[in-house]
Amino acid sequence: MTIQDNEQFVEEMQEVQKEQEPISGLRLLRDQLLPNLLGEEHSAILYWAGKELARQHPLENEAATIQFFHTYGFGTLTQSSAKKQTVQYILSGDIVLSRMESKEPSFSLEAGFLAQQHQLQQNIYSEASFEFIPRKKLVRLVVQTDKKAAL
């Protein structure tokens, strides 16, 4: 291995490390520290926190919500289906893959955020849940609405 090859290798490793640092820090906070601090209710609290973040950052439409997920490191959000009272989304990407390696990752923050954005955009009561799809290495977020509970 020449000095030039070694320098190139070091540069490549530094680039990989830069890409993984934010993910590692987020995993520590979201999947280790917060559950420890918040206890058994951490999922419910994070869901409420996601709804509160959405109220603080109301977005114009679904495209803006999808962009927000990408910009703020929640993952890649894609709508997979829409029915009368149910909209399903897929959450994927490196951050999701990394977080799914944790013991018990929670995507309640993302679910709460998505539910509240949907509620603000559609002016109808909305709640969301998440489920893991391990074989595809992604998360499904399901938003349920109640047409009778217009706001």
Side-chain angles (χ1 to χ4, degrees), residues 12-151:
E12 289 172 6
M13 292 304 295
Q14 288 172 338
E15 198 62 37
V16 168
Q17 185 177 9
K18 283 180 189 175
E19 291 174 12
Q20 292 179 350
E21 283 175 2
I23 291 173
S24 298
L26 182 63
R27 279 184 61 193
L28 280 173
L29 290 172
R30 290 286 307 278
D31 300 324
Q32 292 179 12
L33 182 62
L34 286 177
N36 190 25
L37 289 173
L38 301 174
E40 292 180 12
E41 298 298 319
H42 79 276
S43 284
I45 294 169
L46 289 175
Y47 185 83
W48 173 86
K51 292 189 91 150
E52 180 58 27
L53 278 174
R55 285 189 285 272
Q56 291 176 14
H57 301 277
L59 301 169
E60 189 173 310
N61 54 37
E62 183 181 67
T65 302
I66 289 169
Q67 183 61 46
F68 186 96
F69 267 68
H70 176 74
T71 301
Y72 287 95
F74 286 0
T76 302
L77 185 68
T78 310
Q79 186 186 104
S80 61
S81 70
K83 296 180 182 173
K84 286 184 180 182
Q85 295 182 323
T86 305
V87 182
Q88 291 189 16
Y89 295 88
I90 298 300
L91 186 61
S92 60
D94 291 341
I95 187 67
V96 174
L97 285 173
S98 176
R99 292 192 57 223
M100 287 180 78
E101 293 172 3
S102 297
K103 188 175 175 183
E104 291 182 41
S106 172
F107 291 85
S108 295
L109 181 84
E110 292 85 345
F113 185 87
L114 188 59
Q116 187 65 35
Q117 287 298 342
H118 193 269
Q119 184 169 310
L120 292 168
Q121 293 165 12
Q122 304 297 320
N123 203 32
I124 191 162
Y125 183 77
S126 303
E127 292 293 336
S129 60
F130 70 91
E131 65 178 308
F132 298 107
I133 305 175
R135 72 183 195 292
K136 293 187 178 180
K137 299 183 183 194
L138 48 84
V139 174
R140 178 179 294 130
L141 295 163
V142 181
V143 178
Q144 296 280 116
T145 60
D146 184 353
K147 300 275 185 196
K148 297 175 186 172
L151 303 175

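When reading the values below, keep in mind they use all heavy atoms of this one structure, side chains included, and skip hydrogens, waters and symmetry mates.
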Would you mind reporting whether [Y] and [X] have side-chain heavy atoms less than 4.5 Å apart?
{"X": "Q32", "Y": "N36", "result": "no"}
{"X": "L114", "Y": "V87", "result": "no"}
{"X": "L77", "Y": "F68", "result": "no"}
{"X": "S106", "Y": "Y47", "result": "no"}
{"X": "E110", "Y": "L91", "result": "yes"}

Enter the distance from [X]:[atom1] to [Y]:[atom2] here, rounded to the nearest 0.5 Å.
{"X": "Q67", "Y": "Y72", "atom1": "CD", "atom2": "OH", "value": "10.0 Å"}
{"X": "E104", "Y": "S43", "atom1": "CD", "atom2": "OG", "value": "8.5 Å"}
{"X": "L38", "Y": "L33", "atom1": "CG", "atom2": "CG", "value": "8.5 Å"}
{"X": "E131", "Y": "L138", "atom1": "CD", "atom2": "CG", "value": "9.5 Å"}
{"X": "R140", "Y": "F107", "atom1": "CZ", "atom2": "CZ", "value": "14.0 Å"}
{"X": "I95", "Y": "M100", "atom1": "CD1", "atom2": "CE", "value": "12.5 Å"}

Taking [X] for the side chain and [Y] for the main chain, is one N or O donor matched with an acceptor at less than 3.5 Å?
{"X": "Q117", "Y": "H57", "answer": "yes"}
{"X": "S108", "Y": "A44", "answer": "no"}
{"X": "Q119", "Y": "S126", "answer": "yes"}
{"X": "S98", "Y": "D94", "answer": "no"}

Requested in this report: Evaluate the criterion side chain to side chain donor-acceptor pair (under 3.5 Å) for residue pair E62 and Y89; output intermediate values, then yes/no.
Outcome: CA-CA 11 Å; E62 183 181 67; Y89 295 88; 2.6 Å; yes

Kindly give the heavy-atom pair with the smallest separation between [X] and [Y], and that separation in Å.
{"X": "T65", "Y": "F113", "result": "CG2-CE2, 4.4 Å"}
{"X": "F130", "Y": "L141", "result": "CB-CD2, 3.5 Å"}
{"X": "L59", "Y": "Q121", "result": "O-NE2, 3.3 Å"}
{"X": "L53", "Y": "L109", "result": "CD1-CD1, 4.1 Å"}
{"X": "L34", "Y": "H42", "result": "O-CB, 4.2 Å"}
{"X": "G75", "Y": "V96", "result": "CA-CG2, 4.4 Å"}

Quick check: are there more than 12 heavy atoms from other residues, nucleotides or ligands sitting under 6.0 Å from [atom1] of [X]?
{"X": "F132", "atom1": "CZ", "value": "yes"}
{"X": "H70", "atom1": "NE2", "value": "no"}
{"X": "Q144", "atom1": "CD", "value": "yes"}
{"X": "E40", "atom1": "CD", "value": "no"}

Requested in this report: Inspect the contact between K51 and E127 and indicate whether a charged nitrogen and a carboxylate oxygen are less than 4.0 angstrom apart.
Outcome: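 Yes, E127 and K51 are salt-bridged.
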
